[in-house]
Protein chains: 2
Amino acid sequence: MKPTIKDIAAKSGFSIATVSRVLGNKTGSYSEKTQIKILKVAKELGYRKNSVAVDLVKKRSDVIALIINATPTNFSTQIIDGIQQRASELGQGVIILYAGNRDNGLQHKAIITALERSVTGILLAAIEPDEQDLALLKASRIPYCFVSLYLGTRDILAVSSDNRDLAYQATQYLIDRGHTRISLVGIDGYHTGSQRQAGYRDAMAANQLTAADILSGDYSYESGVKLLQQVHDQGVTAVIAASDMVAAGLLTAAQQQGLTIPRDLSIMSIDGTIICQITTPALTSVTQDFYRIGSQSVNKVMGQPAEDFIPVVITERASVAVQK
Amino acid sequence: MKPTIKDIAAKSGFSIATVSRVLGNKTGSYSEKTQIKILKVAKELGYRKNSVAVDLVKKRSDVIALIINATPTNFSTQIIDGIQQRASELGQGVIILYAGNRDNGLQHKAIITALERSVTGILLAAIEPDEQDLALLKASRIPYCFVSLYLGTRDILAVSSDNRDLAYQATQYLIDRGHTRISLVGIDGYHTGSQRQAGYRDAMAANQLTAADILSGDYSYESGVKLLQQVHDQGVTAVIAASDMVAAGLLTAAQQQGLTIPRDLSIMSIDGTIICQITTPALTSVTQDFYRIGSQSVNKVMGQPAEDFIPVVITERASVAVQK
DNA sequence: TACAGTAAGGTAAACGTTTACGTAATCCGC
DNA sequence: GCGGATTACGTAAACGTTTACCTTACTGTA
C-alpha cells in the first residue's frame, strides 16, 4: 500500500494536520525539529503525495489541458514548447489531450475529459470546434482559449497569426515580384482557411488582379501532391501553399512532372517550419511564431495580458522566382 | 457552483447512492422510472461528473500517461496514434506529459506527475532514463513501459525496433550494393545509439570491412548539417543517418557543397517518416513501424501479451546508388 | 500575579464520489 | 399464508488531503 500522511502521522507521533502543514510548507505553524522529523519519516516511508486527493479538496488542478489535433503538421512541437515554458513559469503543469485527426467524436471526448478534471484552463490548438464543443466550453466555468485559430470574434479567447493579413502579405510578396497569376492551394473553408482566402482575394483585388479559383485541401502533404496537376492546369506562375506540408507535396509532385522550381512555378509556403529547410529548393515562407502563439495563449487563459495576433515574418529562401 | 450528485439527489428525491448507481450504469439496482427521472434531472442541472472524486475513491484513473520528449523528431505522432487507438480500445484515456528536450529535470518532474495521479500505466517514449528516474519508477507499484527504446534487459518492459538488427540490415543493404566505405552518422552513445553502433560494426566485420569512426550527434537536422563535412573527409561512399532528420541535414548540406546525391554519396536513413518523401531525392530508409510500437506498448503496460521487437522494413527510394 | 499574545499543534469537517451493508416491500412456490 | 428470493432503494463509511477553528503551554508585560 502506498503510504499516506496518516502513516507518517502515526510513525512520527504527530497529527495528520501537522504532517500536512510541513509537507505543504505552510511555514510558521510548526517547529524546526518537527519539520525535520516529519520530513525524515516521509522519506523513509517513500511518501509521495496523492494529487488526486489534493485536487479534490482544493477544487482545482494547477494543470492546463492542451487539446491538440493530430493533423500531421509539424508546428505542434513549437506551440507545445511555448505553452509548456510559460505554464511552468506560472506554476501550472500541462497535460496534452489528443483529439485525433479532425475527429469530432474524439474532440468532444477530449473536452469532456478536461472539464471533468477541473483543470485551470483549456487550450485548443488548431481545433475547429463544432456547435456542441462550443456549447460545452461555454457552459463550463473554466477559461478556454483557442490557439492558432481565430473564430472571428473577440468574445472567444484566441491567440493566432492574423490569417487574413498573413495571406495578404504572401500574395503581395508574389505580386511585388512580378507575378500576376497566383493561386491559393490546399486550404479548407473553416475559419483559418476562409480568413486566408479573404486575404488572398483582397490582395489580388487591391492590385487589380483576378483571383484564381481556390484549390481546396486539408493542409496535408497528400493534398499538395494531388493538387499539383490542377495548379498546372490553372496556368499560374506562382502558388501559395496552405501549409509547409502542402508546399512540400506540390514541390515533389512538380519535380516528378519534370518541372523546375522556381523557374517553372514559384511556391510560397505558409508556416515556416523546418520542413522549409529540408526541401530542395528550400521554401520561401511566411513564417509564424508558433512558440509565441503558445506562450501568449497561456497568458490568455490565465487571465494575464496577452496579444491576440502574433506578427508573421516573410522568410526568403529559394522557391520564389522573379517573374519578368 | 457545479452541480453534484447531491444536488441531483435533492432535486429528484432519491438518495445519492441511487443517483450514483444510475449515473454509473450499475444496472439491476434501480427501476426504469427512477433511471429516467434521475437522468432527466441530471441533464436539467447540466451535471458533469467529477473525475477527481471518482479517481480518489476508486484509487485509479483509467488513464495511461505518456511521457514524451521533444526532440524535434517527427515520428511521435505515429506513436501517439498507435497508443491512443489501442488505449481507447481498452477503455483507457491518454494524457501526454511533455519532458522537454533531453532535459533530465523535466523528465523527472513528468514521471512524478504521472505517479502522483495514480494512472494505470506509464509509457516513456524515446526517453533515456537516468538512475533516479528508474529508481522512481521501480519504487512505484504502477507498471511502466519504454517505447521505442530497449534498455538491454528483458526485466524492464519495452517495445521497440531491434536496433542492432536494424543497423545491421541498413549496413548490409549498402554492402550488397557495392559500398565498402560506409559510416554511421548523427548518433549518440545511449541505449538506442550503442545498439545501432553494434549492428553497424557487426555487419562491417561480418563482411571483412573496417568500420569508420562513428560521427556522433543528437539525431537532429542540425547534426546532419554539421557532420556532412566530416563525412566528406572520411571519404566514404555511403552513409547511414541516425534518423530522417539527420539524413535531411546531410542531404541539404551536401547539396550546398555541390555534391549530387546519390552519385557522390549514398544516404540511407533510419525511421522512414514522411520526411523521406519530402526531400529530393527521396530518402531510402529502414522504416520503423511506429504505430505498432505504440499500440503494442499499451498492451505491455496493461499486462496483455505483446511483442518486444517490432520488425522493420527497408523502403527503397532514391538516395542510394549502386557502387561499381 | 494576572493577562494578553503567540507559537505549536490537534480535531474534525469538507471535497464528490463509490459501494458494502442494511431494510422494506413485493413476489413466488407450495 | 409462510418462508425465502429478489427488487429497489437508503445509510454511512471510505478514499487522502487541506484548513478553519480549538487548545495548550509558554512568553512578556504591567
Side-chain angles (χ1 to χ4, degrees), chain A residues 1-39 41-42 45-63 112-113 115-119 140-142, chain B residues 1-39 41-42 45-63 112-113 115-119 140-142:
Chain A
M1 234 10 340
K2 252 182 95 175
T4 71
I5 54 169
K6 218 174 275 182
D7 300 320
I8 301 182
K11 187 156 177 193
S12 68
F14 292 97
S15 72
I16 60 164
T18 303
V19 173
S20 172
R21 282 190 277 251
V22 350
L23 260 24
N25 255 320
K26 297 265 168 291
T27 75
S29 37
Y30 48 82
S31 72
E32 200 176 337
K33 276 169 281 181
T34 307
Q35 179 186 33
I36 293 177
K37 176 152 192 188
I38 288 183
L39 256 24
V41 174
L45 258 36
Y47 172 75
R48 190 152 310 285
K49 114 174 98 164
N50 182 332
S51 297
V52 176
V54 176
D55 289 350
L56 179 59
V57 53
K58 290 204 172 170
K59 302 179 121 194
R60 67 196 163 106
S61 271
D62 288 348
V63 160
I112 291 183
T113 304
L115 254 26
E116 287 179 350
R117 294 229 125 68
S118 40
V119 294
S140 81
R141 281 268 151 270
I142 103 137
Chain B
M1 235 9 340
K2 253 182 93 174
T4 71
I5 53 170
K6 219 175 274 180
D7 301 319
I8 301 182
K11 186 156 178 195
S12 67
F14 292 96
S15 73
I16 61 163
T18 301
V19 173
S20 172
R21 281 190 278 248
V22 351
L23 261 24
N25 254 317
K26 296 264 169 293
T27 76
S29 37
Y30 48 82
S31 72
E32 202 176 335
K33 278 169 281 181
T34 306
Q35 179 187 33
I36 293 177
K37 176 151 194 189
I38 289 182
L39 255 24
V41 174
L45 259 36
Y47 172 75
R48 190 150 313 285
K49 115 175 99 165
N50 182 333
S51 297
V52 176
V54 177
D55 289 351
L56 179 58
V57 51
K58 289 205 172 171
K59 300 180 122 193
R60 69 195 160 105
S61 271
D62 288 348
V63 160
I112 290 182
T113 304
L115 253 27
E116 287 179 350
R117 294 230 125 67
S118 39
V119 294
S140 83
R141 280 268 152 269
I142 102 136

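Only a predicted model underlies this, so the values are computations on that prediction, with no experimental measurement involved. Within every chain, numbering begins at 1; the chains are lettered A, B, ... in the order of the sequence lines, protein sequences first and strands thereafter.
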- For the pair made of NZ in B:K33 and P in C:dT26, what is the distance, rounded to whole Å? 12 Å
- Query: With sugar-phosphate meaning primed atoms plus P, OP1 and OP2, does B:S51 contact a base, only sugar-phosphate, or nothing at under 4.0 Å between heavy atoms?
  - Reply: nothing
- Note on the structure: A correct 5'-to-3' footprint of nucleotides 16-25 of chain C, with B, S and - meaning base, sugar-phosphate only and no protein heavy atom under 4.0 Å, is BBBBB-----
- Students should find that the end-to-end axis angle of the helix from C:dT1-D:dA30 to C:dC30-D:dG1, with five pairs defining each axis and rounding to 10 degrees, is 40°
- Query: Tell me: CD1 of A:I36 to P of C:dA8, nearest whole Å?
  - Reply: 13 Å
- Query: Does B:S29 reach the main-chain N or O of B:K26 with its side chain, forming a donor-acceptor pair under 3.5 Å?
  - Reply: yes
Can you give each donor-acceptor pair under 3.5 Å made by side-chain atoms of residues 11-25 of chain A, sequence neighbours left out, with the distance rounded to 0.1 Å?
| residue | atom | partner | partner atom | Å |
| --- | --- | --- | --- | --- |
| A:K11 | NZ | A:E44 | OE1 | 3.2 |
| A:S12 | OG | A:I8 | O | 2.8 |
| A:S12 | OG | A:A9 | O | 3.4 |
| A:S12 | OG | A:F14 | N | 3.4 |
| A:S15 | OG | A:A17 | N | 3.4 |
| A:S15 | OG | A:T18 | N | 3.3 |
| A:S15 | OG | A:T18 | OG1 | 3.4 |

- Separation of atom CG in B:D55 from atom C1' in C:dC15, rounded to whole Å: 14 Å
- For atom NZ of B:K2, decide whether the heavy atoms of other residues, nucleotides or ligands shown that lie under 6.0 angstrom number more than 12. yes
- Reckon A:S15 touches a base, only the sugar-phosphate, or nothing at all at heavy-atom distances under 4.0 Å? base
- Item | Electrostatic pair B:R117:B:D55 at N-O distance under 4.0 angstrom | no
- Measure the CG-CG distance between A:N50 and B:L115 for me, rounded to the nearest 0.5 Å. 11.0 Å
- Task: Supply the atom-to-atom distance B:I112 CD1 to B:S140 OG, rounded to the nearest 0.5 angstrom.
- Result: 11.5 Å
- Message: Atom NZ of residue position A:K49 - does it have more than 12 heavy atoms of other residues, nucleotides or ligands inside 6.0 Å?
- Response: no
- Message: So B:S29, base contact, sugar-phosphate only, or nothing? Heavy-atom distance under 4.0 Å.
- Response: base
- Item | Side chain proximity check, B:V41 to B:L45, heavy atoms < 4.5 angstrom | yes
